[in-house]
Amino acid sequence: MEKEIETLSKKILMDLDYNSKDLCIDMYYKNCGLKKPEINLQKECEFKPYFYVDTSEPKEIYDYLDGLNQEIDLKKLEPEFENNTSLKVQDLITNIEIIEKIVYSDYILNGKDISEVSDFKNKKERKICKVYVKYPNHVKIIREYFKEFGKSYEFDIPFLRRYMIDQDIVPSAKYSEDNKIDNSIPELNCIAFDMELYCKKEPNAKKDPIIMVNLFSKDYQKVITYKKFENSEYNGCVDYVKDEKELIQKTIEILKQYDVIYTYNGDNFDFPYLKKRANIYEIELDFDNASNSQQPQIIKISKGGINRKSKIPGIIHIDLYPIARKLLNLTKYKLENVVQELFKINKEAVDYGDIPKMWETEDTTLLRYAYEDALYTYKMGNYFLPLEIMFSRIVNQPLYDTSRMNSSQMVEFLLLKRSFEQNMISPNRPSSSSYRERAKFSYEGGYVREPLKGIQEDIVSLDFMSLYPSILISHNISPETVIYEEKERENMELGIIPKTLNELLSRRKHIKMLLKDKIQKNEFDEEYSRLEHEQKSIKVLANSHYGYLAFPMARWYSDKCAEMVTGLGRKYIQETIEKAEEFGFKVIYADTDGFYAKWDYDKLQKGKKEENDKSDKLSNLPKLSKEELIILTKKFLKGINEELPEGMELEFEGHFKRGLFVTKKKYALIEDDGHIVVKGLEVVRRDWSNIAKDTQQAVIRALLEDGDVNLAKKIIKNTIDNLKKGNIDKNDLLIHTQLTKNIEEYKSTAPHIEVAKKIKQRGDSVRVGDVISYIIVKGSRSISERAELLEYAGDYDINYYIDNQVLPPVIRIMESLGISEDELKNSGKQFKLDQFM
DNA sequence: GATTATCGGGG
DNA sequence: GTGTACGATAATC
């Protein structure tokens with residue numbers, strides 16, 4: 001009895017899954033009121049699959065089907081039928097209803113003639129047939145039979161998604177006893193799961209055993225293994241089992257006690273591998289965690305395009321790899337790279353090839369590596385989870401799914417939900433032919449202005465706050481409004497895209513206000529962090545709407561809209577630049593939604609001579625201080641923002657002491673606190689030698705910190721001199737390139753391929769994925785043939801390093817300052833000539 | 001320079 | 001599961 005009362009206090013909808021055996025939706029709730037929370041399974045069997053057929057008369061449908069007299073190909077149908085006597089399409093239809101709906105497709109052009117498009121300003125519901133069928137997986141097959149009859153709609157929305165949309169189910173949220181949603185982020189029990197294998201080549205689940213399972217949660221942090229590591233300082237972190245079979249069994253026993261499992265690439269690797277190994281030992285993989293369920297829950301590996309997805313019903317598997325890929329912008333997404341980015345920690349990496357040896361020699365490096373893999377997976381999971389929960393709630397789809405969706409897919413589900421709420425029938429996805437047609441479409445993007453090259457001082461950076469979303473709203477751009485003239489569009493009801501965006505941005509504005517209030521009151525509590533995550537996720541979703549319109553797979557695709565948005569974007573930025581220059585700024589560089597500018601002293605000089613100085617008092621000063629420049633900038637912003645449409649705002653982003661502008665998309669800036677920001681210049685790329693990277697970095701630093709061109713020149717000259725004198729650590733000359741396929745598969749040759757061949761000839765092994773580090777040595781053969789490993793390298797090729805490594809990254813920078821390649825190259829010689837004279 | 005192919009993460 | 005990637009970079013023309 002006491003338990004019952006507690007149970008009522010709060011429950012969280014954790015996970016949902018379509019159960020094809022029971023033809024129902026399994027809903028996993030977590031009861032939070034209990035001392036030990038418990039998962040409960042509820043079955044939803046009332047919801048029935050359906051789709052729409054464009055006719056107002058059910059009889060027409062039956063007559064048509066009778067006329068067809070088509071028997072269904074039973075092979076296509078599963079689950080199997082009780083009696084496989086002949087089946088007709090109409091036997092699988094359970095009901096046809098006439099309902100009133102707004103058919104969105106009526107209002108969009110999409111290849112039609114303009115005369116066939118209905119007027120959105122007079123949009124209204126019309127009669128259409130809602131066709132119910134017996135089984136969800138029959139919808140698509142049955143729909144095929146209607147192709148000759150007429151249009152059908154919403155036949156490809158997965159059953160579970162359909163249910164979430166129609167019933168307004170909010171996942172990963174707390175429900176109180178009166179079924180109201182509580183906004184706080186639920187406390188979930190999370191565990192990170194990772195494993196190590198014994199394998200000498202590519203892992204093969206038939207023979208390569210799992211040797212360690214690494215688990216990390218709030219109350220359990222262990223590496224489970226079956227080989228005793230003697231004298232290890234890590235003994236406290238190790239749990240021993242008898243063998244691999246016991247290892248797998250123990251892993252399942254522990255994992256099933258948690259709500260959330262974090263992995264890094266578990267979709268494609270850990271779970272499929274675990275499943276295969278468990279099959280070998282005939283272990284029943286039962287992850288069932290619900291107190292009242294009777295069926296075993298096993299890992300479901302489904303195909304998602306090229307990749308796989310691993311789902312355990314009732315437990316939320318969060319694979320952090322796809323999340324890191326969509327939320328971070330890195331060149332590499334190995335676990336170490338992401339850990340470095342998020343926590344600024346250099347995580348030790350282990351070469352996979354060394355694992356067997358470490359295992360045999362009981363090298364504890366392997367234990368530490370295993371332990372840290374789980375630890376950082378856990379930290380990363382906790383870092384991303386609140387944001388992902390917010391995405392799941394806003395989009396209104398299960399966390400498992402939204403965490404694997406890209407932003408366009410999330411926008412689509414958001415729109416499907418809005419469309420349903422507005423009693424609309426959503427447009428269909430494109431056929432494969434129109435998909436190909438759409439994919440070919442290309443259009444002009446943002447405006448990028450050629451920079452004022454060289455070193456600039458005292459720079460302000462200004463940008464539009466969410467430019468594209470605000471253009472979509474203020475110009476009412478949507479597939480159904482785009483056919484109207486500008487004026488007409490702005491005076492009519494908002495289309496679905498601007499309407500959805502408007503709701504999102506108003507919510508974000510409201511949150512921002514609440515946050516400001518909390519900051520003032522110094523309330524950095526749970527509520528604060530929840531709001532912070534919510535506003536962040538709204539920002540991501542709002543910024544994805546423009547991209548969604550140009551996404552060829554989108555239901556609400558519209559190339560016209562996308563083109564219009566970038567066109568208006570270019571107009572706004574160009575007009576703003578003009579106004580900035582009229583005001584007294586000199587714009588140095590602009591890209592899409594923002595620009596860098598300095599104060600134009602030259603123009604003021606001219607202006608003074610021409611007309612007797614009417615400009616602001618401040619501009620009379622010989623040179624503006626940083627504070628004065630910012631005051632002027634804010635004054636300019638105020639004027640601009642008064643003229644801009646509502647919701648659009650140009651913002652002050654920052655002040656920079658100095659900047660170096662090389663070409664479009666290639667520049668570097670130094671902030672007032674000395675922090676350097678580099679864009680598009682190659683310093684970050686791994687395949688260059690240290691000497692090339694270090695020289696470029698030193699040159700950028702010299703130019704930004706001191707504005708000293710001569711110092712930059714000197715740095716380059718010194719490097720060249722040192723190379724000539726042999727005054728260089730050979731390690732700094734190593735060039736690193738990854739082998740991306742087997743040596744035999746390369747059609748052409750390259751230095752790292754030649755080196756890999758040499759390694760093989762010497763009897764050592766090279767594998768796909770190895771990074772080959774080599775030096776180019778002296779000689780007359782081709783460069784590829786002169787590539788050597790450090791230990792076999794003789795004298796290095798001085799000219800190669802000067803011409804192909806050191807100079808290319810710095811030449812463009814120096815050219816932007818008016819210094820030629822010749823001057824840099826010959827400076828050494830000239831120096832010698834000077835000595836002769 | 002433009003177009004086509006491949007690769008990613010995990011061990 | 002009433003479904004499918006995609007975006008960057010290297011290789012090649």
**Q.** Separation of atom CG in Asp17(A) from atom P in dT2(C), rounded to whole Å
**A.** 11 Å

(Q) Without decimals, in angstroms, what is the distance between Ile318(A) CD1 and dG10(B) C1'? (A) 18 Å

Q: May I have the distance from Ile355(A) (atom CD1) to dG10(B) (atom P), rounded to whole angstrom?
A: 11 Å

Q) Considering only heavy atoms, which members of residues 262-269 of chain A lie under 4.0 Å from some atom of DNA chain B? A) Tyr264(A), Asn265(A), Phe269(A)

Q. Rounded to the nearest Å, what distance is computed from the CD1 atom of residue Ile323(A) to the P atom of nucleotide dA5(C)?
A. 20 Å

Q. Residues two or more places apart in sequence or in another chain: which of them pass side-chain contact (heavy atoms from CB on, under 4.5 Å) with Ser426(A)?
A. Glu154(A), Leu416(A), Ser419(A), Trp556(A)

Q. Which nucleotide in the set dT2(C), dG10(B), dC6(C) lies at the smallest distance from any side-chain heavy atom of Asn406(A)?
A. dC6(C)

Q) Taking the side chain of Lys140(A) as heavy atoms from C-beta outward, which of dT2(C), dG10(B), dC6(C) is closest to it? A) dT2(C)

(Q) For a quick check of understanding: with a heavy-atom distance under 4.0 Å over all strands, which category does Phe271(A) fall into, base, sugar-phosphate or nothing? (A) nothing

Q. In chain order, what residues pass the side-chain contact (heavy atoms from CB on, under 4.5 Å) check against Leu328(A), with sequence neighbours excluded?
A. Ala324(A), Leu330(A), Tyr333(A), Val338(A), Glu341(A), Leu342(A), Phe384(A)

Q.
Among dT2(C), dT4(C), dG9(B), which nucleotide has an atom closest to any side-chain atom of Val139(A)?
A. dT2(C)

Q. Do Tyr468(A) and Thr566(A) come within less than 4.5 Å of each other through their side chains, counting heavy atoms only?
A. yes

Q) For the base of dG8(B), is there a side-chain donor-acceptor partner from Arg325(A) under 3.5 Å away? A) yes

Q) How is Tyr369(A) classified with respect to the nucleic acid when contacts are heavy atoms under 4.0 Å: base, sugar-phosphate, or nothing? A) sugar-phosphate

Q: Whole angstrom is fine here: how far is it from CG in Leu328(A) over to P in dC6(C)?
A: 19 Å

Q: Could you tell me which residues satisfy side-chain contact (heavy atoms from CB on, under 4.5 Å) with Pro322(A), sequence neighbours excluded, listed by chain and number?
A: Asp319(A)

Q | Residue Tyr435(A), side-chain atoms from C-beta onward, closest of dT2(C), dC6(C), dG9(B) | A | dC6(C)

Q) How would you list, by chain and number, every residue that makes a ring-ring contact (aromatic ring centres under 6.0 Å, His included) with His545(A), sequence neighbours excluded? A) none

Q: Could you check how far OH of Tyr333(A) sits from P of dT9(C), rounded to whole Å?
A: 9 Å

Q. Could you state the CD1-P distance from Ile141(A) to dT2(C), rounded to the nearest angstrom?
A. 11 Å

Q | Separation between the C1' atoms of dG9(B) and dG7(C), rounded to whole Å | A | 15 Å

Q: Using a heavy-atom cut-off of under 4.0 Å over every strand shown, decide if Asp156(A) touches base, sugar-phosphate, or nothing.
A: base

**Q.** Under 3.5 Å side-chain donor-acceptor pair for Glu388(A) and Ser403(A)
**A.** no

(Q) Could you check whether any side-chain heavy atom of Asn543(A) comes within less than 4.5 Å of a side-chain heavy atom of Ser407(A), counting everything from C-beta outward? (A) no

Q. Heavy atoms under 4.0 Å, any strand shown: does Asn19(A) hit a base, just sugar-phosphate, or nothing?
A. nothing

Q. Where the side chain of Tyr321(A) is defined as all heavy atoms beyond and including C-beta, which of dG9(B), dT2(C), dT4(C) is the nearest nucleotide?
A. dG9(B)

**Q.** Asn307(A) side-chain proximity, nearest of dG9(B), dA5(C), dT4(C)
**A.** dA5(C)

(Q) Once side-chain contact (heavy atoms from CB on, under 4.5 Å) is applied, do any residues pair with Lys222(A), and if so which ones, sequence neighbours excluded? (A) Tyr220(A), Asp239(A)

**Q.** Residue Asp194(A), side-chain heavy atoms: nucleotide from dG10(B), dC6(C), dT4(C) that is nearest
**A.** dG10(B)

Q.
Distance check needed: dG10(B) P versus Arg277(A) CZ, whole Å only.
A. 21 Å

Q. Between dT9(C), dC6(C), dT2(C), which nucleotide has the shortest distance from any of its atoms to the side chain of Thr331(A)?
A. dT9(C)

Q. Under 4.0 angstrom, heavy atoms only, what part of the nucleic acid is Ile142(A) near: base, sugar-phosphate, or nothing?
A. nothing

Q | Candidate list Val260(A), Ile316(A), Leu16(A), Asp15(A), test side chain to side chain contact (heavy atoms under 4.5 Å, CB included), partner Leu399(A), passing option | A | Ile316(A)

Q) If the C1' atom of dA5(C) is compared with that of dT6(B), how far apart are they to the nearest Å? A) 14 Å

